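First comes the structure, then the notes that go with it.
The sequence lines fix the lettering, A, B, ..., with proteins before strands; numbering per chain opens at 1. It should be emphasised that the depicted structure is a prediction, and the values quoted were computed from it without experimental measurement.
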Number of protein chains: 2
Amino acid sequence: MNVSTFSALAEPNRLDIVELLRDGPLPVGEIADRLQLGQPQTSKHLRVLNEAGLVEVQPVANKRIYKLRAQPFQELDDWLETFRRMWEEKFDNLEAYLRQLQEQDHRGGDKE
Amino acid sequence: MNVSTFSALAEPNRLDIVELLRDGPLPVGEIADRLQLGQPQTSKHLRVLNEAGLVEVQPVANKRIYKLRAQPFQELDDWLETFRRMWEEKFDNLEAYLRQLQEQDHRGGDKE
DNA sequence: GATAAATATTACTTGACAGGAATATTCCTT
DNA sequence: AAGGAATATTCCTGTCAAGTAATATTTATC
């Protein structure tokens, strides 16, 4: 899993931007207005989101319209999949680990 | 969605720790060994993960065994759910947005 | 081509965080 | 109770990212 996806979403304003774009593409000015952000800050956050591959730009006339990209979200979904058994199978390795410790102890203290 | 989940995962070593714990609970020393980390750093990262609710501790004798908590991952999964239609429905609001712009233009320049 | 709107970039300051070393704490063992 | 293993905390330092203000760039309009 790519760390940049998480670090991009780890900033509150950027998370807001992503959730805003969930409802559809928007130009920079609109995003800044709706989230009460300054224009430069908005552009910078969008830059980070863009470099992380979370959004893409499409120039239309004067404006630059940003929209979400599906890929990183799908990747995140796939990554989560690998954790799913953790709660679905109520799979608690704690006992297993303890048993393993026991075995090593019974083997005696001669390490290696 | 909670930002702290993302910021906790935004650090490479912490992401490694989480992925390591995916296979089962481990004590601090084991984590440090397997990831080639110093013990204090490991403890500090585990602290962050713990405060973000991603892991929980269970003291066993001398050791403190860390394991993943399901909840934040489930929340992340639910959050992703709200994006799923974005790629499943191939739902591209760009046209809609442009049409909307057109309408406003045709309405004349009298704002408000 | 000049002007203005929309957006991007830069420079500066400040605060948060990671690594490293040293130290403190907790708990087991004898 | 003493010693030692396992873990947590503190202090220090350097780096990076965010906010702000100012400026540059692009593109449409006239």
Side-chain angles (χ1 to χ4, degrees), chain A residues 3-18 20-21 25-52 54-67 97-98 101-102 104-106 108-109 111, chain B residues 3-18 20-21 25-52 54-67 97-98 101-102 104-106 108-109 111:
Chain A
V3 178
S4 65
T5 301
F6 291 121
S7 52
L9 296 172
E11 210 280 330
N13 292 315
R14 284 199 292 267
L15 186 56
D16 287 342
I17 291 178
V18 167
L20 179 58
L21 291 181
L26 286 177
V28 180
E30 282 267 358
I31 299 173
D33 279 356
R34 300 204 195 181
L35 298 182
Q36 303 267 58
L37 290 177
Q39 176 267 314
Q41 289 86 324
T42 307
S43 280
K44 259 195 294 187
H45 285 311
L46 286 169
R47 186 184 216 270
V48 175
L49 290 172
N50 187 37
E51 286 171 347
L54 288 173
V55 302
E56 58 187 353
V57 203
Q58 184 153 351
V60 171
N62 223 0
K63 314 188 172 179
R64 309 196 62 183
I65 300 187
Y66 283 85
K67 56 179 289 195
Y97 182 77
L98 291 179
L101 274 185
Q102 290 278 19
Q104 290 191 354
D105 284 352
H106 289 169
K111 186 145 181 283
Chain B
V3 178
S4 64
T5 301
F6 291 122
S7 52
L9 296 172
E11 208 282 329
N13 292 316
R14 284 200 292 268
L15 187 56
D16 286 343
I17 291 178
V18 167
L20 179 58
L21 292 181
L26 285 178
V28 179
E30 281 267 358
I31 299 173
D33 279 358
R34 299 203 196 181
L35 299 181
Q36 302 269 58
L37 291 177
Q39 176 268 314
Q41 289 83 327
T42 306
S43 281
K44 264 192 292 187
H45 285 310
L46 286 170
R47 187 186 215 272
V48 175
L49 290 172
N50 187 36
E51 286 171 348
L54 288 173
V55 302
E56 59 187 352
V57 203
Q58 184 154 351
V60 171
N62 224 358
K63 312 189 173 177
R64 308 197 63 184
I65 299 188
Y66 283 85
K67 56 178 290 195
Y97 182 77
L98 291 179
L101 273 185
Q102 290 278 18
Q104 291 190 356
D105 283 353
H106 289 169
K111 186 145 182 288

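Following rounding to the nearest Å, A/Leu35 (CG) and D/dG19 (P) show an atom-to-atom distance of 12 Å.
By the side-chain hydrogen bond (donor to acceptor under 3.5 Å, both in side chains) test, B/Gln39 is found to be paired with B/Ser43, residues two or more places apart in sequence or in another chain being considered.
Considering every non-hydrogen atom in both A/Ala52 and A/Ser4, the closest pair reads CB-O, 3.9 Å. Listed here is the closest heavy atom pair of B/Asn50 and B/Glu56: OD1-CA, 4.1 Å. Between A/Ile17 and A/Leu46, the closest heavy-atom pair is CG2-CD2, 3.9 Å. Across every non-hydrogen atom of A/Ala10 and B/Val3, the tightest pair is O-CG1, 3.0 Å. When every heavy atom of B/Leu21 is checked against every heavy atom of B/Tyr66, the shortest pair comes out as CD2-O, 3.6 Å.
Going from atom CG of A/Leu20 over to atom CD of A/Glu30 covers 8.5 Å, rounded to the nearest 0.5 Å. Note that the CG atom of A/Leu15 and the CG atom of A/Leu54 stand 10.5 Å from one another [nearest 0.5 Å]. Taken to the nearest 0.5 Å, the OG1 atom of A/Thr42 stands 7.0 Å off from the CG atom of A/Leu35. Here A/Gln41 contributes atom CD and A/Ile31 contributes atom CD1; the two are 13.5 Å apart, rounded to the nearest 0.5 Å.
The backbone N or O of A/Val57 sits nowhere less than 3.5 Å from a side-chain atom of A/Arg64 that would complete a donor-acceptor pair.
Residue pairs meeting the salt bridge (charged side-chain N to carboxylate O under 4.0 Å, His left out) criterion with at least one member in residues 36-51 of chain A, sequence neighbours excluded: A/Arg47-A/Glu51.
Counting 5' to 3', DNA chain C first comes under 4.0 angstrom of a heavy atom of chain B and last does so at the ends given by C/dA18 to C/dC28.
In the helix from C/dG1-D/dC30 to C/dT30-D/dA1, the rotation axis of the first five pairs and that of the last five pairs differ in direction by 20°, rounded to 10 degrees.
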Practice task
Can you check each nucleotide of nucleotides 25-30 of chain D against protein heavy atoms at under 4.0 Å and return B for base, S for sugar-phosphate only, - for none, in 5' to 3' order?
Solution key: --BS--
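Within residues 37-46 of chain A, the residues having any heavy atom closer than 4.0 Å to DNA chain C are, in order of number, A/Gln39, A/Pro40, A/Ser43, A/Lys44.
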